[in-house]
Amino acid sequence: MEIFIQQIVSGIATGAIYACMALAIVMIYQAIHNLNFAQGEMAMFSTFIAWQLIAWGTPYWIAFALTLAISFIGGVVIERLVFKPIENAPILSYVVVFIALFAIFNSLAGFIWNFEIKPFPTPFGSGALFGGLMSPHQAGMIVVTVVVLALLYFFFRFTRIGLAMRAAAVNPESARLVGIRVSWMTALGWGMASAIGAVAGMMIAPVVFLEPNMMVSILLYGFAGAVLGGLTSPVGAVVGGLAVGVIENLAGTYIPVVGPELKLPIALLVIVAVLVVRPSGLMGRKIVQRV
Amino acid sequence: MDARDENPAISEPPADRAGIRFGALGWTGLAVVVVLAALPLFLANFTIFQLTMMLIYAIAILGLNLLTGINGQFSLGHGAFYAIGAYTAAILMENFGLAYGWTLPAAGLICFVSGFLFGLPALRLEGIYLALATFGLAVAMPQFLKLSVLEPWTGGVQGIVITKPDAPFGLPLSQDQWLYYFTLVVALLLYWFAANLVASRSGRALMAIRDNPLAARAMGVNNALYKSLAFGISAAFTGIAGALGAIVVQFVAPDSFTFALSVALFVGLVVGGVGWLPGALVGGAFIVFIPNVAELFNKALAGAVYGVILILLIYLMPTGAGGLVRKVADFVGRRMKPRPDR
């Protein structure tokens, strides 16, 4: 029983990483109804920017805020520059452009900051919490994820622009008729997703260390979390991300074949199982198609 | 939701409308084959090796095109089937002493079965969800191959080294030349098979499912069966390509089959033109040669240059080489025979 609880707590701690990533994925999905395969690389690039700022002597939280701002602007610029011109292209073209962005960010990060593994500071100090089950950073990560989630909730629920973004996502045509600039709402969605990705990156980097390829597998877990929670629900994304962390840990402990070797296939299994059994995820909206 | 939302893969009309007139198309095809057959006589071994890889990727893309272009299903994970094919060939050759030629049908069969089985749960997934599931498959594949349980066969992280076959019957060809011709013949056979499949009753059923699944079902098409079959056949093509790839490269290891391979195949498909079978060759050439071109600009930034080339391509020819060819053909056709109704 003690092992069980221990595994669940440390699962939640790793799950917080996935929850952060899943949240960013869901944000972008809301804006463009597409899964951004370059999201992980964008987050990685933002984290490198933060690292550079800190290396130049900027205090952590100022670097944090600056990185968020830069990432937000970067996201908007990417949308305006790359995706606006292909607005009506088929989904396949979108995926190819995601792949292109993936290659660009990965290669640029390697070029600018090289492929050496770099440590990334944590603002939460070191030590142990809950009898050594969780580090302060992991606890801090969970708190940050929840704060981001709460901010998102208030933004979408209580601000005009949040309402406009929701309208643009749900029904672009009608939204345009009532005077919402739908295409700018999409750009805004990109900016926010990029900023959330930056938060995720900066929270994850102290755990997995900073290097250009750090996000590839985390992105898959993030997808798994987002799908499990339902791609249309930010709360679901966080719950799903935490759940994936717990599932991964429990399976690693109690199913003999699954050791550290089979961790990624678990993410795959979760994705396929959820999509097959309950495609709308735990908390997502059911999508009904009219024929 | 409009039709494109329901069937995200549709971006082009069916393949059979791609040609202008059969005559012109037939002659062009013949010319391409003649050039392909003559090329290795004038080139260095390494270039021949590259061309062989181009043909191999073309076969894999051909398989992917049957799935995406003809049947409208997504896959970002065909590298996984390529890996299964490659490992099948390597294990059969090294552990069971099978001649390399026989590994191809074996790889095709095994990949057909695995593709069919993966296609079953994939039945319920559409568009981006299917892309996601297959992407997961691609990312997870190297880990499956590294499993310690399978190590006696797969050789774990070390992989398997294969001996390169010589030209048979004392033909005066170098190993690379022989493998090139061997691959070319396999590629032509598979192309012939794919083209016939598309033109057949089953091919029409596959396209009907892509264009309107509901209407297809109303016409009596067994959607579930055909979609799974499409997955199986597509995987079989890619698996055969994988087996050829293993023989030509003489080496398989888990890390040669990362998701980057799947992504490359997918990119090759879109660049060649979704739904246009000959586009596979263009896609294969893109996979083999464009990274080299990107490196010419700047070695350290090759990935970024590659990405920029990709984005530009999507801007300039959003429907791939196939769309471009069709536009040019339309233009020429209109010039030669003005039709007021168009």
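By convention in this document, chain letters (A, B, ...) are assigned in the order of the sequence lines, proteins followed by strands, and residues within each chain are numbered from 1.
Heavy atoms closer than 4.5 Å to chain A are found in the backbone of A302(B), but not in its side chain. Residue I112(A): no heavy atom, backbone or side chain, is found under 4.5 Å from chain B. Using a 4.5 Å cut-off between heavy atoms, V271(B) does not touch chain A at all.
Ranked by non-hydrogen atom pairs under 4.5 Å with chain A, the options L313(B), V270(B), L269(B) are led by V270(B). By number of non-hydrogen pairs under 4.5 angstrom with chain B, the leading residue of P85(A), S107(A), S93(A), G110(A) is S107(A).
The closest side-chain heavy-atom distance from Y94(A) to I314(B) is not below 4.5 Å. Considering only heavy atoms from C-beta on, Y315(B) comes within 4.5 Å of V82(A) through its side chain.
Heavy-atom neighbours of F289(B) CZ from other residues, nucleotides or ligands within 6.0 Å: above the threshold of 12.
For F259(B) and F102(A), the ring centers sit closer than 6.0 Å to each other.
V113(B) pairs by the side-chain contact (heavy atoms from CB on, under 4.5 Å) definition with L117(B), not counting sequence neighbours. For F105(A), the ring-ring contact (aromatic ring centres under 6.0 Å, His included) partners two or more places apart in sequence, or in a different chain, are F45(A).
Annotation: the span from L76(B) atom CG to F37(A) atom CZ amounts to 5.0 Å, rounded to 0.5 Å. A distance of 4.0 Å separates CD1 in I104(A) from CD1 in I311(B), rounded to the nearest 0.5 Å. In this structure, CG in N213(A) is found 10.0 Å from OG1 in T258(B), a value given to the nearest 0.5 Å.
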